[in-house]
Protein chains: 2
Amino acid sequence: MINFTLRQLRYFEALARYGHFGRAAEAAAISQPALSMQIKELEDSLGIALFERGPKGVRLTGFGEAFAERAREILRSVDELEDLARASRDRLVGRLRIGVIPTIAPYLLPTIIHELTRANAGLDIYVRETLTNNLIRELGDGRIDAAIVALPVSEPSLTEVALFTENFVLVRPVADAGRPVPSADMLREMRLLLLEEGHCFRDQALSFCNIPSARPREGLDASSLSTLVQMVGAGIGVTLIPEMAVAVETRSASVAIARFDEPQPARTVGMVWRKTSPLARQLLRISEIVRESAAALPTPVA
Amino acid sequence: MINFTLRQLRYFEALARYGHFGRAAEAAAISQPALSMQIKELEDSLGIALFERGPKGVRLTGFGEAFAERAREILRSVDELEDLARASRDRLVGRLRIGVIPTIAPYLLPTIIHELTRANAGLDIYVRETLTNNLIRELGDGRIDAAIVALPVSEPSLTEVALFTENFVLVRPVADAGRPVPSADMLREMRLLLLEEGHCFRDQALSFCNIPSARPREGLDASSLSTLVQMVGAGIGVTLIPEMAVAVETRSASVAIARFDEPQPARTVGMVWRKTSPLARQLLRISEIVRESAAALPTPVA
DNA sequence: TTTTCATGATAAGAATTCCTGATGATCAAT
DNA sequence: ATTGATCATCAGGAATTCTTATCATGAAAA
């Protein structure tokens with residue numbers, strides 16, 4: 001059974017380079033007998049001589065030369081692998097799989113993807129956009145590395161850090177623009193358009209209005225904030241959207257935006273990952289980048 | 001200082017493959033704690049986690065996957081290197097540099113090169129044709145691996161093995177064809193054509209005639225047996241050639257060949273190499289191939 | 001919940017490997 | 001012959017690696 005070690009390859013390389021046990025041993029920072037033994041062991045395990053010993057030094061055999069060529073290549077690969085490790089130690093490298101809920105993704109992702117790739121060249125970012133429940137499950141399965149969702153998640157196996165808090169604003173037809181801002185109770189009596197079941201934002205909006213989320217509601221639910229705003233523009237009703245969505249969603253729709261009186265409805269957005277994730281340190285740094293990116297987004301004047 | 005071992009790489013590969021310490025340890029034929037320790041050591045030396053531990057097994061991190069890809073490549077190269085060693089153990093491989101003296105080379109080389117490459121596919125044969133002195137020097141310098149010369153060489157640092165003994169035959173003009181074969185003493189009085197100084201064959205011929213080789217001689221010396229035979233054909237004199245040369249050299253010249261009476265002049269041809277050469281075993285086998293090749297050569301009828 | 005099971009980590013001692021320093025053997029040059 | 005240089009060998013000790021036994025943790029089952 002042939003079985004040499006990287007150490008032997010390194011010693012071999014030194015001896016091939018110097019052609020002299022004493023000097024090669026010095027270069028390898030070991031004693032000459034240690035080098036002799038390792039070379040001998042290497043040759044024995046290979047069953048073929050690598051060097052021809054002479055009184056004035058040693059010389060590679062024909063096989064030794066072929067061996068040296070491949071050995072150097074292996075040592076080079078090993079060095080590169082070590083370099084890769086060194087370079088990856090603090091930087092995030094390779095693949096980052098991040099999940100984001102649909103009511104955040106379209107507004108936050110362009111910025112944070114840009115910031116992350118800028119800060120970490122060579123980082124491949126995969127994005128998964130789906131409902132919170134799915135994200136939590138995929139996080140547990142190791143299908144994604146982190147998720148950006150509304151807090152709290154309250155999974156003991158997950159670490160969660162808050163990123164920012166955002167208010168919800170009222171979206172109503174332009175005709176209503178000047179009218180007073182309705183209270184939560186008034187809102188309950190209005191025709192309130194909401195997202196489909198499963199979106200946490202739907203539950204948050206209902207909660208603000210003190211409406212039990214289980215209660216069946218008349219009217220169609222929308223599958224995206226964009227659709228909701230279009231429906232408001234068509235005069236079907238009113239809705240709430242997170243303020244982060246205002247800039248994007250009201251660009252092409254003729255609707256009026258109004259802030260609620262204090263206490264404004266709001267939600268806390270955070271990032272979560274497995275407590276056991278070895279990326280914990282890097283994920284914490286990423287969460288900071290995301291926080292800064294979010295803070296830099298334009299706030300709607302309302 | 002990062003410094004991992006091939007062993008760690010192999011263990012890592014097993015764990016990456018099985019995703020389970022126990023099964024990977026079994027596959028690597030070690031205990032589970034031993035695997036745990038080596039993986040931990042590897043991760044510590046890299047300064048970055050390779051696996052994410054979970055209660056139902058382990059999973060590669062993003063960096064772990066990049067690492068695995070390169071690690072597998074390294075392990076593959078190592079395997080190939082071991083294969084190379086195994087394949088080279090008994091077979092002669094790579095480069096064989098062999099020297100042959102000019103009075104043998106043209107007659108023996110075609111056959112033995114053919115035989116050697118047939119027996120050892122992948123063997124590159126380099127041939128050096130020069131005088132014995134040069135061959136011995138180049139042998140000592142490691143510029144060639146073996147030499148085929150007339151014995152004895154009497155260098156204590158060299159191993160010499162006899163290959164075959166060949167007689168010398170007389171080459172004389174066709175007009176002399178029927179005449180009795182001259183004795184060594186008679187030969188001394190005839191016009192004997194010889195090779196230049198430095199050829200051992202010149203000394204061997206002179207020795208047969210009991211002529212001191214130091215004595216200056218009239219007439220031009222030839223640089224090859226071929227020229228000698230041409231000169232005989234032109235009626236300039238007579239000469240001796242090794243019987244191995246007869247078939248080739250008398251093909252196109254009109255000369256007569258005659259064997260001497262016993263004891264016929266002869267020389268022993270052998271192969272020599274450095275005693276320290278690690279190719280010793282293979283060279284001995286090669287010498288046998290050469291011996292057989294020589295024996296198979298057609299003997300002149302004379 | 002409590003128990004059980006599976007998984008990886010840790011600890012202690014034994015086995016193995018590796019290294020150092022001293023010495024030996026060989027060869028060449030003086 | 002003597003000296004100097006070179007590589008091999010040896011013995012003892014240091015370092016590494018392995019095994020067995022045990023622990024800690026979390027998930028599944030009762």
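Lettering of chains follows the sequences in order, A, B, ..., and the numbering in each one begins at 1.
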Query raised in the report: B:Gln38 side chain: which of D:dG26, D:dC18, D:dA8 is closest?
Result: D:dC18
Requested in this report: Could you state the atom-to-atom distance from CD of B:Glu26 to C1' of D:dC18 in whole Å?
Outcome: 17 Å
Query raised in the report: Just how far, in rounded Å, is P of D:dA24 from CZ of B:Arg53?
Result: 19 Å
Query - Residue whose nearest DNA chain D nucleotide is more 5′ - A:Glu43 or A:Arg7 - result: A:Glu43
Query raised in the report: What nucleic acid atoms does B:Glu41 come within less than 4.0 Å of, heavy atoms only: base, sugar-phosphate, or nothing?
Result: sugar-phosphate
Query raised in the report: Considering only D:dT9, D:dT6, D:dT19, which nucleotide approaches the side chain of A:Lys40 most closely?
Result: D:dT9
Query raised in the report: Within the structure shown, what part of the strands sits under 4.0 Å from B:Gln32 by heavy-atom distance: base, sugar-phosphate, or nothing?
Result: base
Report task. Could you list where the contact with chain A starts and ends along DNA chain C, reading 5' to 3', using a 4.0 Å heavy-atom cut-off? Result -> C:dC18 to C:dA28
Requested in this report: Answer with base, sugar-phosphate or nothing: what part of the nucleic acid does B:Tyr11 contact at a heavy-atom distance below 4.0 Å?
Outcome: sugar-phosphate
Query raised in the report: In terms of side-chain heavy atoms, does B:Glu41 have a donor or acceptor partner in B:Ser45 at a distance below 3.5 Å?
Result: no
Query raised in the report: So does A:Arg72 pair up with A:Glu13, basic N to acidic O under 4.0 Å?
Result: yes
Query raised in the report: Mind checking whether B:Phe67 and B:Phe12 have ring centres under 6.0 Å apart?
Result: yes
Query raised in the report: Has A:Tyr18 got more than 12 heavy atoms of other residues, nucleotides or ligands less than 6.0 Å from its OH?
Result: no
Query raised in the report: Is A:Glu196 salt-bridged to A:Arg202, cutoff N-O under 4.0 Å?
Result: no
Query raised in the report: What's the CZ-C1' distance between B:Phe4 and D:dT17, to the nearest Å?
Result: 19 Å
